[in-house]
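One structure below.
All of these numbers come straight from a predicted model, not from anything done at the bench. Note that these values count all heavy atoms, side chains included, but never hydrogens, waters or copies made by symmetry.
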Amino acid sequence: MNIEPFRIKAVEPIRFTTRAERERALEAAGYNVFGLRAEDVIIDLLTDSGTGAMSAAQWGALMQGDESYAGSRSFERFREVVHDLTGYKHIIPTHQGRAAERILFHSTLQPGDLVLNNIHFDTTRANIEAEGAEARDLVIPEGRLPSLVHPFKGNMHLDGLESVLRSEGDRVRMVMVTVTNNSGGGQPVSLENLRAVRDICRRHGKPFFLDACRFAENAWFIRQREEGQQQRTPKEIAQEMFSLADGCIMSAKKDGLANIGGFLALNDDSVAQKCRNLLILTEGFPTYGGLAGYDLEAIARGLEEVVDESYLRYRIGQIQYLADKLMNDGIPIVQPPGGHAVYLDAAQLLPHIPSLEYPGVALVNALYLEGGVRSTEIGSVMFGVSPDGVERPAGMELVRLAIPRRLYTQTHLDYVAYVVAAVAGQRHGFHGYRIVSAPPILRHFTARFEPLMPVAVM
Ligand SMILES: Cc1ncc(COP(=O)(O)O)c(C=O)c1O
């Protein structure tokens, strides 16, 4: 049985809303759940980023925070923990993952450059494109087929990588692999694949970076699914993952088990120097990087807790529990379930809504109206606009139910499954949406929508 490996010491009340209240709230938010007040949400599965519960030890560590501007004790502790895990020479704290992305890309990319990744996360892609460079995805074909079961759907397509490096090698500034592959369903990448990417990068003389936000969940899947890894600890596996790359960007809001923070870590001295200079300009001195000393303490402790076996067994088991319940109800989901979220296949659930009428948004909004469950569209709203400004359907129309770490109990997940099943039962009555206004980049955060037909009151 997958019981929570913790007791609950502090609780936060949930406010229950009525359907009529949710209809008003959603309309006021321009039918974009990012615009809702969190208080109007019953179960918040918008993201697993920064939304988890910290442990008593982390809260205790906050009081150890050394807030010295330069050379703080908290930075030393943070650096030791990150170095022990990753082995990288330069450890640069940032206020969150996208700050690490911006600093790395601004320090290394020129307009016209190309960055390859299994699937770029939205902020990663946007930060590359902001430098006038191209972000190209090279996940294995199996990684784009939601219903196909494969143990490592996040793997990089090695022949594709080799062929781009041969034909456009001059433009390729770096190769990245996102572990786990968030935009492709939270799917893991095998050690074998990471080793092969490392070999290819070495042969072509290209730096290799991990987008490591969910490194511990990835390590757990390797231990469960990859031959010969069952006797190793998640930490040992994670250490090998990091050792294969030249550096990483990290959002500590995921597997750092913290509410804020991130880092950039790398071996190259001259790139590190450029990054530190930019860090000072926009984030802060290199020993705090936009974080408080107490944040560095919480992250250091979080990185130790996240590789604990009983935590990871419970964590991945919780996602599997929700996925199993949904599959029993015949709900189409990305198979197998990922490490931090269950992804509903909105294209399959709502085949009558064309991609550019945003089936994902229709499903997200229906889940909110039905039961106050907040989720995210990962489809044509998030990925439908190309750098040329033309809108094209994304490869998949997914809705992500991201599970915050250590926050919700099994009963909360039972409720989520109940709401999804109720929505699926009404799906023929749903209609699409059109965009009323949207910014040119990262439009999913602030776009406003209008229903193409009045939202049906069930
Ligand atoms: C794979 C991946 N990379 C980068 C980021 C960006 O991190 P942050 O939200 O801390 O800026 C995220 C956040 O969700 C992510 O999932």
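With Asn181 contributing its side chain and Thr178 its backbone, the two residues share no donor-acceptor pair below 3.5 Å. Judged purely by atom type and a 3.5 angstrom limit, Arg225 uses its side chain to pair as donor or acceptor with the backbone of Pro151. Between the Gln187 side chain and the Gly185 main chain, a donor and an acceptor come within less than 3.5 Å of each other. The main-chain N or O of Arg173 is never found under 3.5 Å from a side-chain atom of Gln110 such that the two would form a donor-acceptor pair. Using a distance-only test at 3.5 Å, with no hydrogens or angles considered, a donor-acceptor pair links the side chain of Gln58 to the main chain of Leu257. The main-chain N or O of Glu67 is never found under 3.5 Å from a side-chain atom of Tyr288 such that the two would form a donor-acceptor pair. In this structure, the side chain of Glu101 engages the main chain of Thr124 through a donor-acceptor pair within 3.5 Å. The backbone N or O of Arg223 lies less than 3.5 Å from a partner atom in the side chain of Gln230, making a donor-acceptor pair. Between the side chain of Glu217 and the backbone N or O of Ile316, no donor-acceptor pair lies under 3.5 Å. In this structure a side-chain-to-backbone donor-acceptor pair under 3.5 Å is missing from Ser375 to Leu45.
In this structure, Pro93 and Leu296 have side chains that are in contact, with non-hydrogen atoms separated by less than 4.5 Å. Put simply, the side chain of Tyr321 does not reach to within 4.5 Å of the side chain of Ile403, judged on heavy atoms. Ile128 places none of its side-chain heavy atoms less than 4.5 Å from the side chain of Glu134. Side chains of Glu80 and Phe78 form no contact here, defined as non-hydrogen atoms less than 4.5 Å apart. Looking at Asn32 and Val381, their side chains never come closer than 4.5 Å, going by heavy atoms from C-beta outward. Taking the side chain as every heavy atom from C-beta outward, His95 and Glu283 approach each other to under 4.5 Å. Asp345 has its side chain out of reach of Val334: every pair of non-hydrogen atoms, C-beta onward, lies at least 4.5 Å apart. Looking only at side-chain heavy atoms (C-beta outward), Met174 and Phe105 come within less than 4.5 Å of each other.
Counting non-hydrogen atoms of other residues, nucleotides and ligands closer than 6.0 Å to OH of Tyr294 gives a total of 12 or fewer. Within a 6.0 Å sphere centred on CG of Leu244, heavy atoms belonging to other residues, nucleotides or ligands number more than 12. Annotation for His106: atom NE2 does not count as buried by contact number, only 12 or fewer foreign heavy atoms lying within 6.0 Å. By the 6.0 Å contact criterion, CD on Gln231 is open, its count of non-hydrogen atoms from other residues, nucleotides or ligands being 12 or less. Annotation: Glu168, atom CD; neighbour count of heavy atoms from other residues, nucleotides and ligands within 6.0 Å is above 12.
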Could you check Arg144 against Asp137 for side-chain contact (heavy atoms from CB on, under 4.5 Å), going step by step and ending with a plain yes or no?
CA-CA 11 Å; Arg144 296 197 183 276; Asp137 299 336; 3.5 Å; yes
Does the side-chain contact (heavy atoms from CB on, under 4.5 Å) test come out yes or no for Arg232 and Ile222, once each step is laid out?
CA-CA 10 Å; Arg232 299 176 81 192; Ile222 287 175; over 6 Å; no
Check the pair Asn182 / His340 against side chain to side chain donor-acceptor pair (under 3.5 Å), numbers first and verdict last.
CA-CA 8 Å; Asn182 185 3; His340 66 294; 3.1 Å; yes
Given side-chain contact (heavy atoms from CB on, under 4.5 Å), test Glu226 with Ile237 step by step and report yes or no.
CA-CA 11 Å; Glu226 194 160 349; Ile237 295 171; over 6 Å; no
Go through Glu192 and Arg195 one step at a time and tell me if the salt bridge (Lys or Arg N to Asp or Glu O under 4.0 Å) criterion holds.
CA-CA 5 Å; Glu192 188 189 18; Arg195 289 189 197 118; over 6 Å; no
Verdict with supporting geometry, Ser183 and Asp122, side-chain contact (heavy atoms from CB on, under 4.5 Å):
CA-CA 8 Å; Ser183 306; Asp122 60 355; 6.0 Å; no
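Heavy-atom minimum distance, Ser55 versus Glu305: OG-OE2, 2.6 Å. Across Pro439 and Thr446, no two heavy atoms sit closer than the pair CG-OG1, 3.2 Å. Nearest heavy-atom pair across Val139 and Lys153 is CG2-O, 3.4 Å. What you find for His157 and Gly160 is that their closest heavy atoms are ND1-N, 3.0 Å. Residue Ala99 comes nearest to Thr94 through the heavy atom pair CB-CB, 3.9 Å, listed as atom of the first residue, atom of the second, then distance. Among all heavy-atom pairs drawn from Pro359 and Leu350, the shortest one is O-CD1, 3.4 Å.
For Leu158, the side chain to side chain contact (heavy atoms under 4.5 Å, CB included) criterion is met by Asn193, Ala196, Val197, Ile200, not counting sequence neighbours. Remark: Lys274 engages no residue in a side chain to side chain donor-acceptor pair (under 3.5 Å) (not counting sequence neighbours). With sequence neighbours excluded, the residues that form a side chain to side chain contact (heavy atoms under 4.5 Å, CB included) with Arg73 are Asp66.
A distance of 8.0 Å separates CG of Leu191 from CG of Asn218, quoted to the nearest 0.5 Å. Distance check, rounded to the nearest 0.5 Å: CD of Glu357 to CZ of Arg434 gives 11.0 Å. Interatomic distance, Leu114 CG to Arg136 CZ, rounded to the nearest 0.5 Å: 4.5 Å. If you take OG1 on Thr287 and CD1 on Ile92, they are separated by 12.0 Å, rounding to the nearest 0.5 Å. Atom-to-atom distance recorded for Glu377:CD and Asn365:CG is 10.0 Å, nearest 0.5 angstrom. The distance from atom CD1 of Ile140 to atom CG of Asn155, rounded to the nearest 0.5 Å, is 5.0 Å.
The aromatic rings of Phe242 and Tyr88 sit perpendicular to each other, their planes meeting at more than 60°, with 30° as the lower class boundary.
For Glu309 and Thr233, the side-chain atoms include no donor-acceptor pair closer than 3.5 Å. A side-chain donor-acceptor contact under 3.5 Å links Glu162 and His204. Between the side chains of Gln273 and Asp269, no donor-acceptor pair of N or O atoms lies under 3.5 Å. Side chain to side chain, Arg125 and Asn117 fail the donor-acceptor criterion of an N or O pair below 3.5 Å. Using modelled atom types, one finds a donor on one side chain and an acceptor on the other under 3.5 Å when comparing Arg102 with Thr282. Neither side chain, Asp211 nor His120, offers a donor N or O lying under 3.5 Å from an acceptor on the other.
The ring-ring contact (aromatic ring centres under 6.0 Å, His included) test with Tyr31 singles out one residue from Tyr433, Phe449, Tyr358, and that residue is Tyr433. Tested against Asp48, the residues Lys253, Arg214, Lys254 include a single side chain to side chain donor-acceptor pair (under 3.5 Å) partner, Arg214.
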